[in-house]
There are 2 protein chains.
Amino acid sequence: MANGEREFLLNYHKEDYDRPSVAVDLVLFTLQDGKLTVFLQPREEHPYQGVLALPGTFVDTRESIDDAVRRCLLQKIRLDGIYFEQLYTFGAVDRDPRMRIISVAYYALVSADKLLEMDPTGDVLTHFYPVCEMDFPLAFDHRTIVECGVARIAGKAEYTDIAFELLPADFTLPQLQAVYEILLGKPLYKANFRKKIADKIVATDRMTAPDGHRPSQIYNKKPAPEVSGDQ
Amino acid sequence: MANGEREFLLNYHKEDYDRPSVAVDLVLFTLQDGKLTVFLQPREEHPYQGVLALPGTFVDTRESIDDAVRRCLLQKIRLDGIYFEQLYTFGAVDRDPRMRIISVAYYALVSADKLLEMDPTGDVLTHFYPVCEMDFPLAFDHRTIVECGVARIAGKAEYTDIAFELLPADFTLPQLQAVYEILLGKPLYKANFRKKIADKIVATDRMTAPDGHRPSQIYNKKPAPEVSGDQ
DNA sequence: ATACTTAGTAGTAGTTTGCTACTAAGTATA
DNA sequence: TATACTTAGTAGCAAACTACTACTAAGTAT
């Protein structure tokens, strides 16, 4: 038995844990090299010491679940003001070998652009792993949680605008189409795609810098329509 | 201050509750008189004594969340083997005035038919209230939870087969169309509707009993295709 | 017979989707 | 300077789906 594991068992008192604890776990997605990637960190403690895991934290009595997510993003990844949404609550009895922990999973989306802005060294980016190449163990039920997140964003890409969250404010239509294709996991027809998103974007008068071929026009997301009245 | 309320406050010891408790709350839908209705019960205890509330229960350390839902359905409504699915987890700090309770909300669907089968007196059916006529107070954040459930089944009716859960095994196409129209909240065109669901149903050779007009053919849901291979 | 009610089908215009083929604007190189 | 190469962007058509009107079918009521 490893040292850390023994220490954990010695300090474990069941009566401390006789009702479920609640944690949040965060599936933070971004795009790198045309692939969907997810933030993972080796665990520092038992169980699963050294195994890659999603960032998470216990929910404090005095904070809402959403606030726990914001705190987790800020404390563990130094990220702020990004899109996140509740995913699913995982509550199998034995999902954590220590004690009963119910995990409210959230997913979050951030552009690689914003990650570099927050952390110019690019260190954060090295913690992201392509979801299609996770041929390594994950702690707890975190593989299930990631898969649940991938399925959710694939579904939501069809009828919401979450794809924009993975791009900077300035983007080209080939870039935007690539994001949709990655999220949906299938190729799209250029002409149809453009007709469909035409009313969600506004063209700027700028073009991409010359790059060995025809430059592309730069677009922005159209601001959400005001819910206006006369008030 | 009412008697029950004082008693509650006298017995309240904060230190008993210094981590969030986890409960499940259940939004059980059925159809009555062409309206979507939800199961509600007056609360027997403070807070919100006498106010209508969703059935719910605390999650025990030794059961999964889904098992807590099954137990709640069985103990509180005497229902078994019906369709249910996780809805959303509600965790505002002050959603329960007693203490911090995080509620994992589920929705469930049952045919009025099955309710009568389980409880031939029809007593259970009197606990269902039309979701469009809930002009009375609800306990806690239960109105929000019900609205969340209504929105979810409206969305899922579009791309899943949940509508069938609200009908008995034998149904007619006008009945099925009515269910879709109630869930989606909009009228559908008969001919188009029939083309679209044609591959999800099988006709029987039976017709509805004469009822003052042309009888209708009885259909069943087509069994889900086997995920077969050669094994 | 005929009127009334609900069940069910035919057909058509307009829109969306799947797909092929083209033109446009840059660079690289012969 | 022509032409090949690359990526950006548009045109257009057939098939499928949607919105809608109009019909026929099968029962009951008078």
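Naming: A, B, ... by sequence-line order, numbering from 1 per chain.
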Does a side-chain N-to-carboxylate-O contact under 4.0 Å join [X] and [Y]?
| X | Y | answer |
| --- | --- | --- |
| B:K200 | B:D161 | yes |
| B:D170 | B:R206 | yes |
| B:K156 | B:E85 | yes |
| B:K114 | B:D119 | no |
| A:R71 | A:E63 | yes |

Spacing between [X] atom [atom1] and [N] atom [atom2], to the nearest angstrom:
| X | N | atom1 | atom2 | value |
| --- | --- | --- | --- | --- |
| B:K186 | D:dC20 | NZ | C1' | 15 Å |
| B:L188 | D:dC17 | CG | P | 16 Å |
| B:F193 | C:dT9 | CZ | P | 13 Å |
| A:R194 | C:dG18 | CZ | C1' | 17 Å |
| B:D211 | C:dT5 | CG | P | 14 Å |
| A:N192 | D:dC13 | CG | P | 15 Å |
| B:Q177 | C:dT6 | CD | P | 14 Å |
| B:I197 | C:dT9 | CD1 | P | 11 Å |

How do A:K195 and A:G212 order along DNA chain D: which one's closest nucleotide is nearer the 5' end? A:G212
Which one is paired to D:dC13, where only Watson-Crick or G-U wobble pairs with both distances under 3.5 angstrom count? C:dG18
If D:dG27 has a Watson-Crick or G-U wobble mate with both distances under 3.5 Å, name it; if not, just say none. C:dC4
Kindly point out which of C:dG8, D:dT28, C:dT17 is positioned nearest to the side chain of B:P210? D:dT28
Under 4.0 Å between a side-chain N/O of A:Y189 and OP1 or OP2 of C:dC19, yes or no? yes
N or O in side chain of B:K190 less than 4.0 angstrom from C:dA7 OP1/OP2: no
Any side-chain donor near an acceptor of the partner, A:T208 and A:T172, under 3.5 Å: no
Does anything in residues 213-220 of chain B reach DNA chain C, meaning a heavy atom under 4.0 Å, and if so which residues? B:H213, B:R214, B:P215, B:S216, B:Q217
Over 12 foreign heavy atoms within 6.0 Å of CD, A:E44: no
